[in-house]
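Working notes, structure below.
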Amino acid sequence: MTSLRQIWSGRIDYGDEKSKRYHEIVQLEKIDKIPDVAIIGFQCDEGVRRNQGRMGAKEGPNAIRKALANIPWHGEKACIADLGNISCEDAVLEKAQILLGEKIAEVRANGSKVIVLGGGHETLYGHYLGIRQTIGRDKKLGIINIDAHFDLRSYEETTSSGTMFKQILDHDNHASYCVIGIQQYGNTLELFERAKEFRVTTILEQQIRENMNQALNEVNSFINQNEVILLTLCMDVINAAEAPGVSAPSPFGLNAVEVRKIIQHVLQSPKVASFDICEVNPTFDLYGQTAKLAAYFVNEVIMFMIKQRG
């Protein structure tokens with residue numbers, strides 16, 4: 001079994017502080033202070049299995065770490081800590097999500113920002129549990145999901161990577177949902193109707209292409225209506241040519257530059273408490289390009305988070 005120390009390794013340029021890469025910055029075992037940003041992995045694709053997707057996303061967290069390790073560090077002095085992985089044992093998804101939520105709540109109680117490396121998009125439900133626990137039941141929580149799919153399916157038979165947002169909206173009157181990058185033909189008419197019933201702010205892939213600024217204005221309006229923002233990125237929102245290693249590829253997905261612009265825009269708000277990135281599937285990842293792209297997105301988030309400290 002590969003250790004975190006082995007994963008967080010790479011080239012060393014033997015220069016001054018300006019020559020550092022992530023593997024020289026990220027703290028592991030002996031974390032000497034409260035992290036500015038804490039990284040948690042969620043090794044799980046049980047929700048993907050239940051949703052009849054391509055298995056393999058449970059290997060995503062370590063693949064993203066490995067790709068992130070060699071990226072040059074361009075940030076200020078900061079404590080970035082990797083707290084390891086939470087795994088789904090014996091296919092008991094619900095228990096793993098609770099454990100993830102408890103870990104996030106513990107970290108957030110100390111004031112740290114959180115980045116969760118999934119895993120299937122069922123990661124989001126555990127992420128939500130942790131944020132809701134730390135902010136209390138009554139604060140307005142806005143969840144921004146960059147995704148090709150609503151993930152609003154019924155969970156009468158079982159929960160999965162396609163049910164999380166219905167689970168949340170059914171039971172949390174102080175949560176609201178904005179999804180960016182929806183594929184018209186990646187979702188049934190029933191799901192579009194359900195999104196209307198829940199008053200979901202829905203921004204289609206075509207809207208991003210036709211008028212990015214107008215779409216981002218809708219995002220601004222959503223952010224302004226909430227007190228805390230949770231940002232989640234499902235990598236299947238990106239077209240399959242740029243992100244082949246995902247659980248459910250999107251032929252007409254957004255491109256990486258468009259997704260980067262959306263992330264940068266959302267992160268300008270100090271309301272963003274945490275971020276997760278999901279559905280990186282190394283089993284289908286040609287030359288590791290999806291994991292590398294995911295790592296660049298994670299780097300983008302970390303750079304914004306440390307600039308907003310204090």
Side-chain angles (χ1 to χ4, degrees), residues 31 34-47 57-58 60-61 64-65 79-89 92-147 151 155 159-161 163-178 223 226-234 266-267 269-279 297-298 301-302 304-305 308-309:
I31 301 169
I34 295 172
D36 296 298
V37 179
I39 297 171
I40 303 169
F42 189 61
Q43 290 184 313
C44 178
D45 54 11
E46 171 60 18
K58 67 180 180 181
I64 297 170
R65 287 180 172 105
C79 179
I80 312 298
D82 188 338
L83 305 184
N85 291 315
I86 290 171
S87 299
C88 179
E89 304 293 342
V92 186
L93 170 59
E94 294 76 11
K95 181 179 179 181
Q97 289 169 324
I98 290 171
L99 291 174
L100 175 60
E102 290 173 347
K103 187 66 175 180
I104 290 171
E106 175 188 330
V107 173
R108 283 286 299 157
N110 293 325
S112 301
K113 299 264 185 168
V114 175
I115 292 177
V116 184
L117 309 179
H121 209 180
E122 64 266 28
T123 302
L124 177 277
Y125 191 71
H127 183 180
Y128 155 78
L129 291 175
I131 296 301
R132 177 50 84 194
Q133 184 175 332
T134 53
I135 67 174
R137 293 181 299 176
D138 297 330
K139 275 199 173 181
K140 292 182 179 180
L141 173 63
I143 304 174
I144 296 178
N145 179 27
I146 308 172
D147 198 341
D151 294 336
Y155 52 94
T159 60
S160 74
S161 62
T163 65
M164 308 85 59
F165 293 99
K166 189 173 190 301
Q167 291 173 256
I168 293 168
L169 297 174
D170 274 344
H171 300 102
D172 190 338
N173 293 329
H174 297 287
S176 55
Y177 178 28
C178 170
I223 291 173
N226 289 281
E227 297 173 86
V228 179
I229 298 295
L230 183 164
L231 177 60
T232 176
L233 168 62
C234 185
V266 174
L267 288 169
S269 171
K271 294 180 181 179
V272 179
S274 55
F275 170 75
D276 71 53
I277 185 165
C278 301
E279 303 281 1
F297 287 142
V298 172
V301 174
I302 291 174
F304 270 87
M305 284 182 167
Q308 293 175 345
R309 289 174 299 178

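The two residues A57 and G120 make their nearest non-hydrogen contact at CB-N, 3.8 Å. In terms of heavy-atom proximity, V107 sits nearest to A38 at CG1-CB, 3.5 Å. S87 and A96 make their closest contact through O-CB, 4.0 Å (heavy atoms, listed as atom of the first residue, atom of the second, distance). Q167 approaches T163 most closely through the heavy-atom pair OE1-OG1, 2.8 Å. The minimum heavy-atom distance between S274 and I131, with the atom names listed, is OG-CD1, 3.3 Å. Heavy atoms only, all atoms of each residue included: A273 and V228 are closest at CB-CG1, 3.9 Å.
Between N145 and L124, the closest side-chain pair of non-hydrogen atoms is not below 4.5 Å. Residues S176 and N226 form a side-chain contact, since some pair of their non-hydrogen atoms from C-beta on lies under 4.5 Å apart. Looking at heavy atoms from C-beta onward, F297 lies in side-chain contact with L233 at the 4.5 angstrom threshold.
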Please step through side-chain hydrogen bond (donor to acceptor under 3.5 Å, both in side chains) for the pair T232 and H127, ending with a clear verdict. CA-CA 9 Å; T232 176; H127 183 180; 5.7 Å; no
Show the numbers, then the answer: is there a side chain to side chain contact (heavy atoms under 4.5 Å, CB included) between C44 and L93? CA-CA 8 Å; C44 178; L93 170 59; 3.7 Å; yes
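Residue pairs meeting the salt bridge (Lys or Arg N to Asp or Glu O under 4.0 Å) criterion with at least one partner in residues 111-124, sequence neighbours excluded, are absent. Counting only residues at least two apart or in different chains, ring-ring contact (aromatic ring centres under 6.0 Å, His included) contacts with residues 99-119 are absent.
Considering only residues two or more places apart in sequence or on other chains, L267 meets the side chain to side chain contact (heavy atoms under 4.5 Å, CB included) condition with L231, I263, V272, V301, F304. Partners of K271 according to the salt bridge (Lys or Arg N to Asp or Glu O under 4.0 Å) rule, which considers only residues two or more places apart in sequence or in another chain, do not exist here. Take E279 and apply the side-chain hydrogen bond (donor to acceptor under 3.5 Å, both in side chains) test, not counting sequence neighbours, and it matches S247. Scanning for salt bridge (Lys or Arg N to Asp or Glu O under 4.0 Å) contacts around D82 gives R65, with sequence neighbours left out. A search for side-chain hydrogen bond (donor to acceptor under 3.5 Å, both in side chains) contacts involving T123 returns nothing, not counting sequence neighbours. By the side chain to side chain contact (heavy atoms under 4.5 Å, CB included) test, T134 pairs with A105, R108, sequence neighbours left out. With sequence neighbours left out, D172 forms a side chain to side chain contact (heavy atoms under 4.5 Å, CB included) with Y128, R132, I168, H174, A175. With sequence neighbours excluded, no residue forms a side-chain hydrogen bond (donor to acceptor under 3.5 Å, both in side chains) with S112. Under the side-chain hydrogen bond (donor to acceptor under 3.5 Å, both in side chains) criterion, E46 pairs with R49, R50, not counting sequence neighbours. With sequence neighbours left out, E102 forms a side chain to side chain contact (heavy atoms under 4.5 Å, CB included) with I98, L99.
Checking L117, D276, I104, I86 one by one against F42, the side chain to side chain contact (heavy atoms under 4.5 Å, CB included) holds for a single residue, I86.
To the nearest 0.5 angstrom, E227 atom CD is 7.5 Å from I135 atom CD1. Interatomic distance, CD1 of I144 versus OH of Y177, reported as 11.5 Å (0.5 Å rounding). To the nearest 0.5 Å, atom SG of residue C178 and atom CZ of residue F165 are 10.0 Å apart.
By the neighbour-count criterion of 12 heavy atoms within 6.0 Å, atom CG of N173 is sparsely surrounded, having that number or fewer from other residues, nucleotides or ligands.
The aromatic rings of H171 and Y155 sit tilted relative to each other, their planes meeting at an angle between 30° and 60°.
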